[in-house]
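Side chains are part of it too, since the values below use all heavy atoms of this structure and drop only hydrogens, waters and symmetry mates.
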Amino acid sequence: MGFTFARLTFSNIMAQIEEFEEHLDDDKEVAVLLASFGSSILMTVTGIGFQNPELVYFYGYVDGKESQLIQHISQINFCR
């Protein structure tokens with residue numbers, strides 16, 4: 001079996017998002033506050049993907065513009 005670190009990270013993130021969404025009102029959605037770019041940026045997440053062995057992709061919108069964040073698995077942090 002090859003490297004599956006990104007797949008495992010993706011699966012864990014998706015499980016946490018699904019659990020979080022269970023407690024949201026229907027008019028709410030998941031967003032990510034990106035804080036490592038000097039100033040914070042709010043990204044509305046519409047999809048997540050991965051590429052083994054170490055990349056996770058976040059797709060969505062920043063300021064109404066379609067955006068993609070490519071993140072190394074060692075740099076992913078979430079606060080719920």
Side-chain angles (χ1 to χ4, degrees):
M1 181 185 231
F3 289 101
T4 60
F5 299 123
R7 179 187 302 272
L8 179 60
T9 302
F10 166 81
S11 296
N12 289 335
I13 290 170
M14 291 303 295
Q16 290 296 312
I17 288 173
E18 289 169 7
E19 180 183 333
F20 183 77
E21 285 181 325
E22 289 177 6
H23 303 286
L24 290 180
D25 296 332
D26 290 339
D27 63 336
K28 304 288 190 275
E29 60 189 3
V30 174
V32 176
L33 185 61
L34 309 173
S36 62
F37 295 100
S39 62
S40 60
I41 298 170
L42 183 66
M43 179 180 199
T44 302
V45 177
T46 58
I48 302 175
F50 66 92
Q51 179 180 354
N52 280 322
E54 72 262 332
L55 298 177
V56 176
Y57 301 96
F58 295 88
Y59 305 97
Y61 294 88
V62 174
D63 294 329
K65 297 178 184 171
E66 198 169 324
S67 300
Q68 177 186 21
L69 170 65
I70 302 168
Q71 192 76 49
H72 189 274
I73 60 172
S74 68
Q75 297 176 320
I76 297 174
N77 298 288
F78 280 87
C79 180
R80 293 178 30 165

Going from CD on Glu18 to CD1 on Ile13, what distance comes out if it is rounded to the nearest 0.5 angstrom?
12.0 Å
Linked hydrophobic residues, Ile70 as query - side chain contacts closer than 4.5 Å:
Leu55, Tyr57, Tyr59
Check the hydrophobic clustering (I, L, V, M, F, W, Y; side-chain heavy atoms under 4.5 Å; chains of links allowed) and say if Ile17 and Leu8 are grouped together.
no
Looking at residues at least two apart in the chain, or sitting in another chain, which of them share a side chain to side chain contact (heavy atoms under 4.5 Å, CB included) with Lys65?
none
Please give me the minimum heavy-atom distance between Asn52 and Arg7, naming the atom from each residue.
OD1-N, 3.1 Å
I need the Lys28 NZ to Asp26 CG distance, nearest 0.5 Å.
10.0 Å
My understanding is that only residues two or more places apart in sequence, or in another chain, count here; which of them pass side chain to side chain contact (heavy atoms under 4.5 Å, CB included) with Thr44?
Glu29
Linking I/L/V/M/F/W/Y whenever any side-chain heavy atoms sit under 4.5 Å apart, do Ile48 and Tyr61 land together?
no
Hydrophobic clusters here meaning ILVMFWY residues chained together by side-chain heavy-atom distances under 4.5 Å, can you tell me if Leu24 and Met43 are in one?
yes
same_hphob_cluster(Val45, Leu42) at 4.5 Å side-chain heavy-atom cutoff
no
Can you measure from CD (Glu54) to CD (Gln75) and round to the nearest 0.5 angstrom?
10.5 Å
Closest heavy-atom pair, Gln51 versus Ala6, reported as atoms and distance to 0.1 Å, is O-CB, 3.5 Å
Just how far is it from atom CZ of Phe58 to atom CG of Leu34, taken to the nearest 0.5 Å?
9.0 Å
